[in-house]
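All remarks here apply to the structure that follows.
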Amino acid sequence: MCGRYSLFSPREEIETRFDAEFSFDYESRYNAAPSQDLPVITDESPGTIQRMEWGLIPTWADSRTDHGHINARAETLAEKRSFAEAYESRRCLVPADGFYEWVETSGGKQPYRVALPDDDLFAMAGLYERWKPPQRQTGLGEFGASGGDSGGEDDIVESFTIVTTEPNEAVADLHHRMAVILDPSEESTWLRGSADDVATLLDPYDGSMQTYPVSSAVNSPANDSPELIEPVG
DNA sequence: CCAGACGTTGTT
DNA sequence: GTCTGG
DNA sequence: CCAGACGTTGTT
DNA sequence: GTCTGG
């Protein structure tokens, strides 16, 4: 995976599975796309499922539109300037029940859905960041007239990225990268462990998965309905 | 020293 | 072709 | 990830 | 902010 997933399980199932409660009005998503506000769980607030923007904005970014970092390679997390700090102290879980991969064919791109048996919930490994707009240069001095509202709490943007690794056997037929899916027993370590502790968690998912072609309706992020997860062909 | 980049994917 | 928006 | 835009001047 | 390139 990389760029599109689903989270349609009933609210109660998600809350039970992750022992956390939604802090907003949850609605099923069949086509979650980058730049959207999507559910994540952090160690700062492990009992809460909150929303962040998909596409990590580095703290030093000039603009909130610098949010193209939807994925982060597991192999280089600790080295990359955009991710190193978040890898140290801001890891999160990204709840999902499937994701999409596109396979190039003679007739164009065919989307596939990848999921666990029974569409069971899983957590993808994520990193998050808090971005604040750069202070506006007023020229009015340190305590100059208020008029700029830049830098207030309301301007802070929380965003996340999904960690990728090599594909497992099921996904290798479709793509050469996939999201890191954590074993349930690894989830708390991903949130709370030291960077050394979590390095070993970033391997391809070991369990069985189902993959099947779906409608190209999933191509457009504007579509978001149950038929997107139905098998075709 | 300062300036400029800072990511991934896939495709060529 | 390449960037922006979702 | 894919889809869709990709611009300026002047006028409201 | 911090690292890399010149």
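The figures here come from the full heavy-atom set of this structure, side chains too, leaving out hydrogens, waters and symmetry mates.
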Side-chain donor-acceptor pair present, A/Q50, A/T42, cut-off under 3.5 Å: yes
Atom P, compared across B/dT8 and E/dG5: separation rounded to whole Å: 16 Å
Nearest-angstrom distance, P atom, B/dA5 to C/dG6: 26 Å
Gap in Å between the two P atoms, one belonging to D/dC6 and one to B/dC6, rounded: 27 Å
Partners meeting side-chain contact (heavy atoms from CB on, under 4.5 Å) with A/N219 (sequence neighbours left out): A/W102, A/P111, A/S216
Lys/Arg-Asp/Glu bridge criterion (N-O < 4.0 Å) met for A/R130, A/E44: yes
OP1 or OP2 of D/dC1 under 4.0 Å from side-chain N/O of A/S35: no
Interatomic distance, A/H69 NE2 vs B/dG7 P [rounded to whole Å]: 6 Å
Between B/dG7 (C1') and A/W54 (CH2): distance, integer Å: 14 Å
Side-chain N or O of A/R177 closer than 4.0 Å to phosphate OP1/OP2 of D/dC1: no
Separation of D/dC1 P from A/Q36 CD (nearest whole Å): 16 Å
Distance between P atoms of D/dG7 and C/dC3 (Å, rounded): 12 Å
Nearest-angstrom distance from the residue atom CG of A/D66 to P of B/dT8: 13 Å
Sugar-phosphate only, base, or nothing, as touched by A/P34 at under 4.0 Å among non-hydrogen atoms: base
Dot-bracket pairing map - DNA chain D, Watson-Crick plus G-U, both contacts under 3.5 Å, | cross-strand: ||||||......
For A/Y30, ring-ring contact (aromatic ring centres under 6.0 Å, His included) partners two or more places apart: A/F8
Contact state string [nucleotides 1-6 of chain E, B base, S sugar-phosphate only, - no protein heavy atom under 4.0 Å]: BBBS--
For nucleotides 2-6 of chain D, print each protein N/O atom paired with a nucleotide N/O atom at under 3.5 Å, atom names and distance only.
unit_1: D/dC2; atom_1: OP1; unit_2: A/K109; atom_2: NZ; d: 2.9
unit_1: D/dC2; atom_1: OP2; unit_2: A/K109; atom_2: NZ; d: 3.2
unit_1: D/dC2; atom_1: O4'; unit_2: A/R4; atom_2: NH2; d: 2.9
unit_1: D/dC2; atom_1: O3'; unit_2: A/N219; atom_2: O; d: 3.4
unit_1: D/dA3; atom_1: OP1; unit_2: A/N219; atom_2: ND2; d: 3.3

A/Y26 versus A/R11, side-chain donor and acceptor atoms under 3.5 Å: no
Exercise: do A/R113 and A/Q210 side chains pair donor with acceptor under 3.5 Å: no
Same-atom distance (C1') from D/dT9 to B/dC1, integer angstrom: 46 Å
Residue pair A/I14 / A/L7, side-chain heavy-atom distance below 4.5 Å: yes
Side-chain H-bond candidate by donor/acceptor type, A/D197 with A/S194, under 3.5 Å: yes
Whole-Å distance separating the NE2 atom of A/H67 from the C1' atom of B/dG7: 13 Å
Any residue meeting side chain to side chain donor-acceptor pair (under 3.5 Å) with A/R73, in chain and number order, not counting sequence neighbours: none
Spacing of the P atoms in D/dG10 and B/dA3 (rounded, Å): 37 Å
Check against salt bridge (Lys or Arg N to Asp or Glu O under 4.0 Å), A/E75 and A/R177: CA-CA 12 Å; A/E75 297 88 333; A/R177 299 294 292 174; 2.8 Å; yes
Sugar-phosphate, base or nothing in reach of A/T76, heavy atoms under 4.0 Å: sugar-phosphate
salt_bridge(A/E85, A/K80) N-O dist < 4.0 Å: no
Sugar-phosphate only, base, or nothing, as touched by A/L56 at under 4.0 Å among non-hydrogen atoms: nothing
Atom pair distance, as rounded to whole Å: CG in A/L127 and P in B/dG7: 13 Å
Any A/Y212 side-chain heavy atom under 4.5 Å of A/Y112 side chain: no
